[in-house]
Student: 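Can you keep this structure in mind? I'll have questions shortly.
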2 protein chains.
Amino acid sequence: MHLNIKEPTTRNAKNTFEQIEKAAIKLFYKKGYHGTTVKDITSEAGVAAGTFYLYFPSKVVLYKHILTSFSHNIRKHIAEKVAQKTSRLDKEKEGIKAFILYAKKNPEMYNIIWESLYIDRELFRDYYESFAIRYVNGLEKAKRNQEIRDVDSEIMSFILMGITNFIGLKVVFDLGQDNDDIEHIVDGVLDLLKNGLFTK
Amino acid sequence: MHLNIKEPTTRNAKNTFEQIEKAAIKLFYKKGYHGTTVKDITSEAGVAAGTFYLYFPSKVVLYKHILTSFSHNIRKHIAEKVAQKTSRLDKEKEGIKAFILYAKKNPEMYNIIWESLYIDRELFRDYYESFAIRYVNGLEKAKRNQEIRDVDSEIMSFILMGITNFIGLKVVFDLGQDNDDIEHIVDGVLDLLKNGLFTK
DNA sequence: TCATAAACTGAACACTTATTCATATTATAT
DNA sequence: ATATAATATGAATAAGTGTTCAGTTTATGA
């Protein structure tokens, strides 16, 4: 996917570029993609409207650029954290924890990734489908090592993505209570993965 | 929440009203709220642009009306199905199944409910927070009956909502494979709730 | 120092779109 | 049958917004 973004060369230009990115992330989060005008972005960034088009050919390209960047960062962040652990249980725990902490620190991520469903449905599909594929690989490996039971990996990957996403949603939007005790929340998830929900 | 919708009285007017609703659901699903114009809706409904304003004071009010209606219907549908079962395990299974089947039959629901995050964040909050409260009540009762383990009900309710939502997402958007075998998918979820993920 | 390129400006343009309203048609009830 | 209310029309309006561009400022390198 070529976005035709003009990368800045000089230091000043790099700063302008970054100010525009930063302003857009802030505003897309706060007011959504459609609720944010190019004027809003350039004002927030402290530059003139025309400056926007020195770097980005259109508003939607800036959005895609930010989405791609977020998508990249969250994956990388989780992968790095998970790689430090050896057992699948520890990997799962670390992955969930990393996701939630990242979401808490970057609350914009949610709005921006989910909003892709209403801006470019293919991006949305790609994001979750490729995330799922990665997950399936990890689960298959764990199955071979007999660390996890003989589950349908693809279904399980969507289950696990659903859990982390909705727990993240709870934390980011502060739905319900006790959203500061991340350890407790992660333990709650791990408890289910270890012991199930029902009594025997 | 008063939407100031003018309910139609005569039979013909009722038909017009419904055509507008139907057209809007179709188009909001296909092109999103912002991608759909009032002209689009009235054309699809086969009426003139001005007719829209006989019934709805604005485009956003129509959206809220549809969202409220969907939100009502899905809850009622699940509640009815769940009420037929006695054990918590059967209730959970039936609830998940009902949600997925409803989502498959009404794929518009997803777009429309999730899009509320970008149209009226309070509606989004209310939807998930009240859904969670209902869930918590059910889980607390099951805990008292010792049908489920001593889990944090609120965390568990977001876990369960996340699972059903993302499994629904998979089915509706046909992500990955085997999205026609709903029984198999539901069994996959129940397997986790019964036995957890990890080997002992 | 000075020529050249890069970066920036902001008013103007072109287009879209939610909403209004004067007018016309259709249904209802007496 | 006819007055009245309900329903419908669609062109006009008014406001907003993504994008362009001619002109200006700033940085660079020889």
Side-chain angles (χ1 to χ4, degrees), chain A residues 3-28 30-67 112 115-116 118-120, chain B residues 3-28 30-67 112 115-116 118-120:
Chain A
L3 294 180
N4 256 22
I5 290 170
K6 170 91 184 304
E7 296 284 345
T9 50
T10 71
R11 184 188 304 159
N12 280 356
K14 197 168 275 182
N15 181 58
T16 301
F17 186 91
E18 283 167 5
Q19 290 302 316
I20 292 172
E21 274 181 318
K22 208 174 125 191
I25 290 169
K26 178 178 171 180
L27 291 167
F28 287 164
K30 213 164 117 184
K31 314 202 291 170
Y33 175 80
H34 289 103
T36 303
T37 69
V38 174
K39 258 278 173 65
D40 290 340
I41 294 169
T42 52
S43 297
E44 176 76 29
V47 296
T51 305
F52 183 93
Y53 294 90
L54 294 177
Y55 302 103
F56 304 98
S58 68
K59 185 183 159 192
V60 76
V61 162
L62 168 61
Y63 169 81
K64 289 183 187 180
H65 166 70
I66 290 171
L67 177 72
I112 291 174
E115 197 169 14
S116 65
Y118 309 102
I119 296 167
D120 185 325
Chain B
L3 295 180
N4 256 23
I5 290 171
K6 170 89 185 304
E7 296 283 345
T9 49
T10 70
R11 184 187 303 160
N12 280 357
K14 197 167 275 183
N15 180 58
T16 301
F17 186 92
E18 283 167 3
Q19 290 301 316
I20 292 172
E21 274 181 319
K22 208 174 125 193
I25 290 169
K26 178 178 172 181
L27 292 168
F28 287 165
K30 214 164 116 184
K31 315 202 290 170
Y33 174 80
H34 289 102
T36 302
T37 69
V38 174
K39 256 279 171 68
D40 290 340
I41 294 169
T42 52
S43 297
E44 176 76 28
V47 296
T51 304
F52 182 94
Y53 295 91
L54 293 177
Y55 303 102
F56 304 97
S58 68
K59 186 183 155 190
V60 76
V61 162
L62 168 60
Y63 169 81
K64 289 184 187 179
H65 165 70
I66 290 171
L67 176 74
I112 290 173
E115 197 168 13
S116 65
Y118 309 102
I119 296 168
D120 186 324

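Computed over heavy atoms, backbone and side chain alike; hydrogens, waters and symmetry mates excluded. This structure is a prediction, so every number in the text was calculated from the model and none was measured. We name chains A, B, ... by the order of the sequence lines, and we start the count at 1 in each one.
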Student: For Lys64(B), give me all partners under side chain to side chain donor-acceptor pair (under 3.5 Å), at least two apart in sequence or on another chain.
Tutor: Asp120(B)
Student: Could I get the full list of salt bridge (charged side-chain N to carboxylate O under 4.0 Å, His left out) partners for Lys31(A), not counting sequence neighbours?
Tutor: Asp40(A)
Student: Could you list the donor-acceptor pairs under 3.5 angstrom formed by side chains in residues 20-28 of chain B, with sequence neighbours left out?
Tutor:
residue: Glu21(B); atom: OE2; partner: His65(B); partner atom: NE2; Å: 2.6
residue: Lys26(B); atom: NZ; partner: Glu44(B); partner atom: OE2; Å: 3.0

Student: According to the salt bridge (Lys or Arg N to Asp or Glu O under 4.0 Å) rule, which pairs have a member within residues 49-63 of chain B, sequence neighbours left out?
Tutor: none
Student: If we ignore hydrogens and angles and just use 3.5 Å, is the side chain of Thr36(B) paired with the main-chain N or O of Gly32(B) as donor and acceptor?
Tutor: yes
Student: Using C1' atoms of five pairs at each end, report the bend of the helix from dT1(C)-dA30(D) to dT30(C)-dA1(D) rounded to 10 degrees.
Tutor: 10°
Student: Whole angstroms only, please: what is the CG-P distance between Leu62(B) and dT19(C)?
Tutor: 11 Å
Student: What pairs with Lys39(B) under side chain to side chain donor-acceptor pair (under 3.5 Å), at least two apart in sequence or on another chain?
Tutor: none
Student: Please check if the side chain of Tyr118(A) supplies one atom and the backbone of Glu115(B) the other of a donor-acceptor pair under 3.5 Å.
Tutor: yes
Student: Please list, in numerical order, the residues of residues 34-51 of chain A that have a heavy atom closer than 4.0 Å to any atom of DNA chain C.
Tutor: Val47(A), Ala48(A), Ala49(A), Gly50(A), Thr51(A)
Student: Detail all sub-3.5 Å separations between protein N/O atoms and N/O atoms belonging to nucleotides 3-7 of chain C.
Tutor:
residue: dA7(C); atom: OP1; partner: Thr9(A); partner atom: OG1; Å: 2.9
residue: dA7(C); atom: OP2; partner: Lys6(A); partner atom: NZ; Å: 3.2

Student: Holding to side chain to side chain donor-acceptor pair (under 3.5 Å), I want the full list of residues that pass it with Ser58(B), two or more places apart in sequence or in another chain.
Tutor: none
Student: So, Tyr33(B) side chain and Ser116(B) main chain: donor-acceptor pair closer than 3.5 Å or not?
Tutor: no
Student: Atom CZ of Phe56(B) and atom CZ of Phe17(B): how far apart are they, to the nearest 0.5 Å?
Tutor: 3.5 Å
Student: Return the set of residues passing side chain to side chain donor-acceptor pair (under 3.5 Å) with Asn12(A) (not counting sequence neighbours), or none when no residue passes.
Tutor: none
Student: Taking C-beta and beyond as the side chain, do Val60(A) and Ile119(A) meet within less than 4.5 Å on heavy atoms?
Tutor: yes
Student: Between atom CG in Asn15(B) and atom P in dA27(C), what is the gap in whole Å?
Tutor: 12 Å
Student: Measure from CZ on Phe52(A) to C1' on dA11(C) and round the result to the nearest Å.
Tutor: 19 Å
Student: Between which nucleotides of DNA chain D, 5' to 3', does chain A make heavy-atom contacts below 4.0 Å?
Tutor: dT17(D) to dA27(D)
Student: Can you run down the salt bridge (Lys or Arg N to Asp or Glu O under 4.0 Å) pairs that involve residues 3-15 of chain A, sequence neighbours left out, and say none if there aren't any?
Tutor: none
Student: Output the rounded distance in Å from NZ (Lys59(A)) to P (dT16(C)).
Tutor: 16 Å
